[in-house]
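These values consider heavy atoms only, across backbone and side chains, with no hydrogens, waters or symmetry-generated copies. Remember, it's 1-based here, ligands and their atoms both numbered in the order they're listed. Here the structure is a predicted model, which is why all the values come from computation and not from measurement.
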Amino acid sequence: MKILAIESSCDETAIALLERKGDGVYVEKNSVYSQVATHAEFGGVVPEVAARLHVEKILPMLAKDVPHNGEGIDAIAVTAGPGLAPALRVGVETAKTLAWAWNKPLIPISHLEGHIYANWLVTPGAQEQKTALENFTPPTLPALALVVSGGHTELIMMRAHGDFERIGETLDDAAGEAFDKVANMLKLGYPGGPKVSALAKEGDAAAYNFPRAMLDRDNFDMSFSGLKTSVLYTLRSNDDKLEDDQFKKDICASFEQAVVDVLVKKTIKAAKKFQPKTVLLAGGVAANSALRERLAEEVQKLGIAFIPPERAYTMDNAAMIGAAAAFRADQKNITANPLTLEVNTNLDSFNTYES
Ligand code: KG4
Ligand code: ZN
């Protein structure tokens, strides 16, 4: 089954063409237009600007990669939420129009479920399709997924395809949001995660002892707003050092270490309780090297498999949305009415749509 997938929940306009092959989803085309440079001027994503750019880009991108009459495409998948409503609406309305005009099934997908399914993507790279598929090992279920993005930080138990339970989440800021806010305080620009992470590599993680909230609680919830405030107070009481490069690097390293500590400790605690066969990492913050390395180390100590996602698929893309839809296709009630589907900014990773 060939799927056309569309993603426009935030500041990336993305389309992909994919086909499920056994336990992997083979990516035939994957195009992402990142609006980051435009939003950087404003210090963050401006929803109306994002929506406008999606409108400008989405049809030319489709026209370039997809047969104009929809030939060969069996279903259309689209991110229906969560995300920025004006941005989501562009992808959703485009998908509805194509599904209606081409008379194809329309599959709405949660952005968070998509991030998890990035771990099932098979890319050709330099290899032939057959070799890529032979070399692919799908994650074994049940899996515990740490989803860390700009808007969400959640621990999800995935017992089977389509069977998700959120067992913990941040009670305030998302991990990526904390990275972006600290970058903002240090005037590093947007998006902050990669910038903070690059400086952290040259800093001393023991320089500042930032708080690790909720580690003693007997649950899998997290909190990052106290950590962010603590960084703010440290910057205020060291305002003579704000232009000092080593000071910035030490702040970044100490902050990153605190975030990684919380994420890894909560994930390991959940892994011990739920005994998954695999631990998965998903979302934009999954590109963070410190997190990937620490998590790999700690998960392997438990004798559980850890497969870090390909960096290219950690950031927002449509391939992951298509992968989620490819597995949803085995289930009932997965399609939406192309005349009435609406965006749902509160969509959970385990919500399904009734047709
Ligand atoms: O998943 P994503 O592309 O968009 C959302 O669904 O939110 O995640 C974007 C987030 C941003 O907050 C960005 O700063 C963060 O991921 N991020 C990182 C890194 N790369 C991206 N955070 C920490 N370290 C990184 N290397
Ligand atoms: Zn995302």
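- At the shortest separation from atom 18 (C) of ligand 1 among protein heavy atoms lies G193 CA, 3.5 Å.
- Using a 4.0 Å cutoff on heavy atoms, G151 counts as a contact of ligand 1.
- Taking distance alone, with nitrogen or oxygen atoms compared against 3.5 Å, H111 approaches ligand 1 more closely than that limit.
- Electrostatic pairing of R89 and E342 does not count as a salt bridge here, judged by no charged N lying under 4.0 Å from a carboxylate O.
- For F179, no nitrogen or oxygen atom sits less than 3.5 Å from a nitrogen or oxygen atom of ligand 1, counting backbone and side chain alike.
- What sits closest to atom 24 (N) of ligand 1 on the protein, heavy atoms only, is N288 ND2, 3.0 Å.
- What sits closest to atom 21 (C) of ligand 1 on the protein, heavy atoms only, is G284 O, 3.4 Å.
- For the pair D74 and K2, the salt-bridge criterion is not met [side-chain N within less than 4.0 Å of a carboxylate O].
- A salt bridge does not link K228 to E177: none of the charged nitrogens lies less than 4.0 Å from a carboxylate oxygen.
- Geometrically, R20 does not engage Y26 in a cation-pi contact defined by less than 6.0 Å to the ring centre and at most 45° from the axis.
- In this structure, H152 does not count as a contact residue of ligand 1, since none of its heavy atoms falls inside 4.0 Å of the ligand.
- Between E297 and R294, none of the side-chain N atoms (NZ, or NE/NH1/NH2) sits under 4.0 Å from a carboxylate O, so this pair counts as no salt bridge.
- Regarding atom 7 (O) of ligand 1, its nearest protein heavy-atom neighbour is G150 N, 2.8 Å.
- Distances from the Zn ion (ligand 2) under 2.8 Å pick out these protein N/O/S atoms: H111 NE2, H115 NE2, D316 OD1.
- The closest protein non-hydrogen atom to atom 13 (C) of ligand 1 is D180 OD1, 3.8 Å.
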